[in-house]
Number of protein chains: 2
Amino acid sequence: MTATTREQFLAAAEHLFAEKGFYGASIATIARELGLTKQALLHHFGNKEKLYGEVLRSLSERLAANNSEIRENSPDPAEQLEEMLLAQFRGQMAHQDSARLIMRELLDNEQRADRAGNWYLKDYLEELVSTVQSVNRKFSRAQALAVVYQLLGAAHYFAVSQPTLDNIFGKRQMADTRQCFEAQLRQLIRAALA
Amino acid sequence: MTATTREQFLAAAEHLFAEKGFYGASIATIARELGLTKQALLHHFGNKEKLYGEVLRSLSERLAANNSEIRENSPDPAEQLEEMLLAQFRGQMAHQDSARLIMRELLDNEQRADRAGNWYLKDYLEELVSTVQSVNRKFSRAQALAVVYQLLGAAHYFAVSQPTLDNIFGKRQMADTRQCFEAQLRQLIRAALA
DNA sequence: GAATGTACTTACCGTTTGGTAAGTTGTCAA
DNA sequence: TTGACAACTTACCAAACGGTAAGTACATTC
């Protein structure tokens, strides 16, 4: 169960990239987190871009694994969709680093389309879209995508904004909001599909 | 109507910060956009942080202006809220730089809480929350905030993801989705408040 | 016409950046 | 016991970073 150096590098990199973004995090800082030099990091990953790509790849693998688990556990498409969206929300609240990283990638990848893992969201989104369509046949593909993205946004945006909201509204108020957010989100999902 | 150098700097900075983030955009690059040196920029703004602060401030002023205009034009709170959210959505679709900048600030401001304009979202959010509560009295403050944030997220997330989605799904499909997004969003808003 | 201020420039500075080159050290197999 | 490989290190490097200092060019004002 002891993590390899490589895995430790990936974990540290995920954290720092999520916090400061690609440009804001330096490979030297990431390496220092493990008490190693940046050349040790370069030895394992070649260069900074490749490291970033690997972080993204490992993240997308975790995402995919989560989803296929849900798909197996519930046969009803409506229930499936609800569970997928809520599980994604819970996952992002629990692992804010990943949530922030995904958001950053959404903002940045326009510029560097050559990065590995660029389209890893595609399968994930396609899956949700077709689930929406099988729940409510009235939806066109475009409509279904719009709905999926609205629901995804409703969840992800909140997960990512947590620290900022804590500052704006205070931890007390935000604890309340966090508590009722999931129930409210569930309602929103059902309403969107009706 | 001719923009001052200072205004031109602000515009160029907004664009580049939105595209690359605070660390990714260098003051030299911003200045080069106007054919000037970075020392000209420093002459006007002192340092990079202050420039970023000014960009944020001017952005928040535009946001506030938009909202008070809407508040004046429609007396019914339900209509007001719907219009505020939709106007914000349209604004972000039209000025994607601002949308991206706000998202970036949401991600980054945790780390540098000293930045000017840090809480400029507060008034905006408070306003939406109280409007939600006056539309539907059943909502607690925490619930209202949750709803507001879900709706805001639904809109903002989509606006920001545009280039990525164009890549994933193709411009054709995305044009369709864009077209029906607003109507779908309006439905979602109404459903969330019922 | 001298002084003042604004809008810049060139010339630097120290630090940090991502990256290369060339070891060193330990392990493990033939 | 030698040879090969992996996992590092120290020593560099050129370029870019944000920022300072000192000057130039041009109005405006007294």
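Quick caveat, the model's predicted, so the values are computed rather than measured. A note on names: the letters A, B, ... follow the listed sequences, proteins ahead of strands, and every chain is numbered from 1.
If you take CD of Gln8(A) and P of dC8(D), they are 9 Å apart, rounded to a whole angstrom. If you measure from atom NZ of Lys50(B) to atom C1' of dG19(D), you get 12 Å, rounded to the nearest angstrom. What separates CZ of Phe45(B) from C1' of dC8(C) is a distance of 14 Å, to the nearest Å. Distance OH (Tyr52(A)) to C1' (dG18(C)): 17 Å, rounded to an integer number of Å. The NZ atom of Lys20(A) sits 13 Å away from the P atom of dT16(C) (whole-angstrom rounding). dG18(D) atom P lies 12 Å from atom CG of Leu16(B), rounded to whole Å.
Here the side chain of Thr29(A) pairs no donor or acceptor atom with the backbone of Ala25(A) at under 3.5 angstrom. Not one N or O on the side chain of Glu83(B) forms a donor-acceptor pair closer than 3.5 Å with the backbone of Gln80(B). Checked by atom type and distance alone, the side chain of Glu33(B) never pairs as donor or acceptor with a backbone atom of Ile30(B) at under 3.5 Å. Side chain of Asn136(A) to backbone of Leu193(A): a donor-acceptor contact under 3.5 angstrom is found. For the pair Gln133(B) (side chain) and Phe139(B) (backbone), a donor-acceptor distance under 3.5 Å is present. Checking side-chain atoms of Thr131(A) against main-chain N and O of Leu81(A) turns up no donor-acceptor pair under 3.5 Å. Under a 3.5 Å cut-off, the side chain of Arg32(A) and the backbone N or O of Thr37(A) do not form any donor-acceptor pair.
For the contact set between residues 28-37 of chain A and DNA chain D, defined by any heavy atom under 4.0 Å, the members are Leu36(A), Thr37(A).
From Leu41(A), atom CG reaches atom CZ of Arg6(A) across 10.0 Å, with rounding to the nearest 0.5 Å. Taken to the nearest 0.5 Å, the CG atom of Leu51(B) stands 6.5 Å off from the CG atom of Leu10(B). The structure places OG of Ser98(A) at 8.0 Å from CG of Leu63(A), a figure rounded to the nearest 0.5 Å.
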Taking only N/O atoms, report every protein-nucleotides 27-29 of chain C pair under 3.5 Å with atom names and distance.
none

Please enumerate all protein N or O atoms sitting under 3.5 Å from an N or O of nucleotides 24-26 of chain C, with distances to 0.1 Å.
none

Every protein N/O lying under 3.5 Å from an N/O of nucleotides 19-21 of chain C:
unit_1: dG19(C); atom_1: OP2; unit_2: Lys48(A); atom_2: N; d: 2.9
unit_1: dG19(C); atom_1: N7; unit_2: Lys38(A); atom_2: NZ; d: 3.3
unit_1: dG19(C); atom_1: O6; unit_2: Lys38(A); atom_2: NZ; d: 2.9
unit_1: dG19(C); atom_1: O6; unit_2: Gln39(A); atom_2: NE2; d: 3.1
unit_1: dT20(C); atom_1: O4; unit_2: Gln39(A); atom_2: NE2; d: 3.3

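Regarding contacts with the backbone of dT16(C), every side-chain N or O of Ser26(A) stays at 4.0 angstrom or more from both OP1 and OP2. OP1 and OP2 of dT6(C) both lie 4.0 Å or more from every side-chain N or O belonging to His44(B).
Here the closest non-hydrogen pair linking Val147(B) and Gln184(A) is CG2-CG, 3.6 Å.
Atom CD of Gln8(A) has more than 12 neighbouring heavy atoms from other residues, nucleotides or ligands inside a 6.0 Å radius.
The six-membered or imidazole ring of Phe181(A) lies near that of Phe89(A), with a centre-to-centre distance under 6.0 Å.
Pairing analysis of DNA chain C (Watson-Crick: purine N1 to pyrimidine N3 plus N6-O4 or O6-N4; G-U wobble: N1-O2 and O6-N3; both under 3.5 Å) yields stems of 3 or more pairs at C:1-30 with D:1-30.
Of the charged side-chain nitrogens involved, none lies within less than 4.0 Å of a carboxylate oxygen, so that Asp166(A) and Arg172(A) do not count as a salt-bridged pair.
Applying the ring pair (Phe, Tyr, Trp, His ring centres under 6.0 Å) criterion to Tyr157(B), with sequence neighbours excluded, gives Tyr149(A), His156(A).
Ring orientation note: the planes of Phe22(A) and Phe17(A) are close to parallel, at an angle under 30° on the 30°/60° scale.
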